[in-house]
Structure formats: structure tokens, C-alpha cells
Asks: 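Quick one: the structure is below, and I'll ask about it shortly.
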Protein chains: 2
Amino acid sequence: MLLSNTCIYGLRASVLLASKHGDKFVTIRELSEELNISFHFLTKVLQQLTKSEILQSYKGPNGGVKLAKKASEITFMDVVISIDGNNIMKECALGMPVCSELKPCPLHDQWTAMKGNILNMMNTVSLDQLAANRHTDTLYNSYIAHARKE
Amino acid sequence: MLLSNTCIYGLRASVLLASKHGDKFVTIRELSEELNISFHFLTKVLQQLTKSEILQSYKGPNGGVKLAKKASEITFMDVVISIDGNNIMKECALGMPVCSELKPCPLHDQWTAMKGNILNMMNTVSLDQLAANRHTDTLYNSYIAHARKE
DNA sequence: TATAAATAAGATAAAATAGTCTTAATTCAG
DNA sequence: CTGAATTAAGACTATTTTATCTTATTTATA
Ligand code: SF4
Ligand code: SF4
């Protein structure tokens, strides 16, 4: 919708790699099974990330892929750009006929603010943050409390 | 990106119709020329809006399409649902592997807030608001001032 | 009533995206 | 050196989206 399917696969695999936080190579087979993505397709996607030097790969026995840098140094945006290119969110999703800097449509301010938020979050959130399961007891409990009500 | 191309065409045509604010039928040919969209393709798109009773159409000489209701009573969302269906923004564009209510990824709060904003704006903004060119002198002047600097 | 002006409907084509499969290249272990 | 494990590369297929083209159908008007 916002990101291509392919890109989401790449993100998921990258986050999974980050969560394994080892310096060992992980086989794409293992990733594909854990993520339930076709091995062959995931291979293609990860080849792209390897080309972009986000991942490092190694062939042969004990080979596989791993992050090329520390998970804290790879942003969400790095992966997105590698796969979906850097036009993400450049054009407006609304594309109203009156659209221009001089004649913005009524949604413009809100839209550009949201766009900024999304881009900002993509640029600042790193793989390690995504890998960290941020769920807290507080949230968990409030969810349980909510679930109990029904 | 967020909306399909087809949906954007539908929106543009609807807004253009709203801006013509007459009760007369407008030919799709005229709309397609003003919007620079293929006549045949636009015809298809508008047929869908007609089926959804957002537009009303009339065949034959002096025929065409027009809004089926007042522009203030048709929301952005009405058009979106008619063309892109009502799953818009139901699934998250990020789809991280840790995603669930219990184990949200670190982007979850910001994402759901933005999602809410988008849906809210789609639900509340009507075609007449979109048709109104909201540009003010203030904005215009600040733009000009900005442009002059370069 | 005949003709022309329109939309409706549906067949077809083209392009983009997603997915599969086969073969090549590299590397380790024996 | 050989064979197995692994990614790389590229051909191929399938699906979805976008676009075009053709043929109905409806309606006004001369
Ligand atoms: S004016 Fe702004 S929000 Fe509206 S269509 Fe243009 S870029 Fe998008
Ligand atoms: S936790 Fe929230 S933001 Fe993260 S992938 Fe799931 S729905 Fe999207």
C-alpha cells in the first residue's frame, strides 16, 4: 500500500536478522521458514539488500546472510530505499487537480505533516529498535483488561 | 501508493464535477480532457462511481455525469470506498514480524495515530471542501517571498 | 423514424508486480 | 579433488493493475 510487498519482506527479514544479533551467517532457508516467505522469492529480495550493502552474504557451507553493519546503524529507510527506491512519498497519494504549491488542496497541510512524520520515522528508526519487542507490562495488562470485558 | 491510480482519477473527476457546481450533466469527454485522463479509462472509473450512486449519469445528447448528491454530502471516503474498497488502511503498511496487539512493533503508536488521522480526514472532508481552492493571500505571499530569495 | 450523441459493458492488451524454477558460481569438508 | 551446501543470476510464469478498443444501449432532435 505504502510499501511494496517485496519491501515488507525485506524489512521483515532484516528485522529478523537484527533480532538474531549474532555475527554468524544465517541461511536464507532458515529466514524463509521462520517468516513463511517463499525461499526463492526471499532470495531475490535479499540479493538486492546485499547489493545495497545492507546485508553481507557468503556462499557455500556455513554461508548465508547477515547484517553488513550494526543493527543500530541501519535505518528502516535504508531498507525501503534499497527495495522501493527513493521516490517513496515524493508524490502525494491524493493528487488533487488543484494541487500545486500555489494552489494546494485543503488536505495539504495535514498531508505534508503526516508525510513528514512517516519519513522522519523511517529515517530515525533503526533495525535494532524494530527488533526490540517494545511491549511493556502496562500495555499488556491494559490489553488483557480490555479483552476480558468482551 | 496509498490510493490506487484509478481511485485518484475518480477523486479528481469528482472534485472537478463539484467545482463545476451546476446541476447540468457534464460529458466524460470534457472531464477527461480537462483532467488529461484517457476518455475510455475515465469512463470505466466513473461507471463505478455511478454504480455506487455517487454520480448520476444520463445517456444521449446533453447527457453526461453529475454528482448524485450535494458536493457537501459526498466525502472523500465515499469515493475511495467505491473504487478501492473498504480495506483501505485496514492492514498496516509496515507489517513487521513482531506485529500483534500484544507485541506491537516500535512504530505502532505513531502509525495508528497517523492512520487514524488519514481515515478521519477522508471521512470528514467533502468534495466541496476539496473543490474550494483554499489558498489564501497570506500563503501566496509567503511563497512568493520565499521564491524571491533564491 | 433516422441519425447522432452519449454512457454501459465487456473483450483485449500492455505494464507492473509478485512468485517460481533452473542453472551457475562459490566454498567448505572430507 | 569431489560432492554437498549455499548464494547469484536469470529465465520463466502468474496475477494484478492500468489502459485501450469495440460493440451495445439509451436518448434527443431534426
Ligand atoms: S495540495 Fe498537497 S495534499 Fe493536496 S493533492 Fe497536492 S500535494 Fe497532495
Ligand atoms: S505493530 Fe503496528 S505499526 Fe508495527 S507492523 Fe504491526 S500494525 Fe504495523
Side-chain angles (χ1 to χ4, degrees), chain A residues 1-14 17 24-68 80 82-85 87-88 91 93 95, chain B residues 1-14 17 24-68 80 82-85 87-88 91 93 95:
Chain A
M1 191 181 37
L2 186 63
L3 304 174
S4 71
N5 233 309
T6 309
C7 184
I8 288 176
Y9 290 167
L11 280 164
R12 292 219 263 237
S14 303
L17 275 174
K24 287 174 300 190
F25 286 101
V26 179
T27 67
I28 299 177
R29 176 73 58 187
E30 176 179 337
L31 295 173
S32 76
E33 280 166 3
E34 284 196 44
L35 294 170
N36 212 29
I37 301 173
S38 139
F39 166 71
H40 287 292
F41 193 49
L42 188 57
T43 293
K44 268 246 184 111
V45 178
L46 299 193
Q47 274 171 24
Q48 176 58 35
L49 293 179
T50 301
K51 271 187 201 153
S52 305
E53 299 185 347
I54 288 166
L55 300 187
Q56 190 185 337
S57 70
Y58 201 78
K59 289 173 182 174
N62 310 316
V65 294
K66 67 179 180 184
L67 299 182
V80 169
S82 169
I83 297 175
D84 275 354
N87 281 325
I88 174 84
E91 346 98 27
Chain B
M1 191 181 39
L2 186 64
L3 305 174
S4 72
N5 233 310
T6 309
C7 184
I8 288 175
Y9 290 167
L11 280 164
R12 292 219 263 237
S14 304
L17 275 173
K24 289 173 301 190
F25 287 102
V26 179
T27 66
I28 299 178
R29 176 74 58 187
E30 175 179 338
L31 296 173
S32 76
E33 279 166 7
E34 283 196 45
L35 295 170
N36 212 28
I37 300 172
S38 139
F39 165 72
H40 288 292
F41 192 50
L42 188 58
T43 294
K44 270 253 181 97
V45 178
L46 299 192
Q47 274 171 24
Q48 176 58 36
L49 292 180
T50 301
K51 271 187 200 152
S52 305
E53 300 184 349
I54 289 166
L55 300 187
Q56 190 187 336
S57 70
Y58 199 79
K59 291 176 184 171
N62 312 316
V65 293
K66 66 180 181 184
L67 300 182
V80 169
S82 168
I83 297 176
D84 275 353
N87 281 324
I88 175 84
E91 347 99 25

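Numbered from 1 within each chain, the chains take letters A, B, ... in sequence-line order.
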Asks: Provide the full list of salt bridge (charged side-chain N to carboxylate O under 4.0 Å, His left out) pairs with a residue in residues 38-67 of chain B, sequence neighbours left out, each pair given once.
Replies: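 Pairs touching residues 38-67 of chain B that pass the test: B/Asp23-B/Lys66.
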Asks: When the distance from CG of B/Asn5 to P of C/dT17 is rounded to whole Å, what number comes out?
Replies: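 In whole Å, C/dT17 P lies 11 Å from B/Asn5 CG.
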Asks: Compare every heavy atom of A/Leu2 with every heavy atom of A/Ile88, then report the nearest pair and how far apart it is.
Replies: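 What the structure gives for the nearest pair is CD1-O, 3.4 Å.
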Asks: Just how far, in rounded Å, is C1' of C/dA8 from CD1 of B/Ile28?
Replies: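 The distance from CD1 of B/Ile28 to C1' of C/dA8 comes to 9 Å, rounded to the nearest Å.
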Asks: From CG of B/Leu46 over to C1' of C/dA6, roughly how many Å is that when rounded to an integer?
Replies: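 One finds 13 Å between C1' of C/dA6 and CG of B/Leu46, rounded.
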Asks: If I take atom CG in residue B/Leu49 and atom P in nucleotide C/dA9, what distance separates them, rounded to the nearest angstrom?
Replies: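 Rounded to whole Å, this separation is 14 Å.
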Asks: Tell me the closest heavy-atom pair linking B/Ser82 and B/Ile54, and the distance in Å.
Replies: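 For B/Ser82 and B/Ile54, the tightest heavy-atom pair comes out as CB-CD1, 3.8 Å.
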Asks: To the nearest Å, how far apart are A/Gln47 CD and C/dT22 P?
Replies: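 The answer, rounded to whole Å, is 17 Å.
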Asks: Does A/Tyr58 or B/Asn62 map to a spot on DNA chain C nearer the 5' end, using the closest nucleotide for each?
Replies: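 Looking at the nearest nucleotide for each, B/Asn62 comes out on the 5' side.
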Asks: At under 4.0 Å between heavy atoms, what does B/Phe25 touch on the DNA or RNA strands: base, sugar-phosphate, or nothing?
Replies: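 Answer is nothing: B/Phe25 stays at 4.0 Å or more from every strand.
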Asks: Please identify each residue that fulfils salt bridge (charged side-chain N to carboxylate O under 4.0 Å, His left out) with B/Glu34, with sequence neighbours left out.
Replies: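 Scan of B/Glu34 (salt bridge (charged side-chain N to carboxylate O under 4.0 Å, His left out), adjacent residues dropped) gives B/Lys20.
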Asks: Below 4.0 Å from chain B heavy atoms, what is the first contacting nucleotide of DNA chain D and what is the last?
Replies: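 Range of nucleotides within reach of chain B: D/dT18 to D/dT29.
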Asks: Rounded to whole Å, how long is the line connecting atom CG of A/Asn87 with atom P of C/dA16?
Replies: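 These atoms are roughly 14 Å apart.
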Asks: For the residue pair B/Thr27 and B/Gly63, what are the closest heavy atoms and their distance?
Replies: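 For B/Thr27 versus B/Gly63, the nearest heavy atoms are CG2-O, 3.7 Å.
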Asks: Would you say C/dA18 has OP1 or OP2 under 4.0 Å from some side-chain N or O of A/Thr6?
Replies: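 Affirmative; the distance criterion is met.
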Asks: Rounded to the nearest angstrom, tell me the gap between atom NE2 in A/His40 and atom C1' in C/dG19.
Replies: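 It is 10 Å, rounded to the nearest whole Å.
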Asks: Are the side chains of A/Tyr9 and A/Leu35 in contact, using a 4.5 Å heavy-atom criterion?
Replies: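 The answer is no; the side chains never approach within 4.5 Å.
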Asks: Using whole Å, what does the distance between atom C1' of nucleotide C/dT26 and atom CD of A/Gln56 come to?
Replies: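 Going from CD in A/Gln56 over to C1' in C/dT26 covers 15 Å.
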Asks: For C/dA18 and A/Tyr9 - does any side-chain N or O of the residue sit under 4.0 Å from the phosphate oxygens OP1/OP2?
Replies: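 Indeed not, no polar side-chain atom of A/Tyr9 lies that close.
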Asks: Is the base of C/dT7 touched by the side chain of B/Lys44 through a donor-acceptor pair closer than 3.5 angstrom?
Replies: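 Not at all, since no donor on one side and acceptor on the other fall under 3.5 Å apart.
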Asks: For A/Pro61 and A/Thr43, find the nucleotide of DNA chain D closest to each by heavy atoms; which residue's nucleotide sits nearer the 5' end?
Replies: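 In this pair, the answer is A/Pro61.
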Asks: Quick check: closest heavy atoms across A/Gly10 and A/Leu49, and the distance to 0.1 Å?
Replies: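 Taking A/Gly10 first and A/Leu49 second, the nearest heavy atoms are O-CD1, 3.9 Å.
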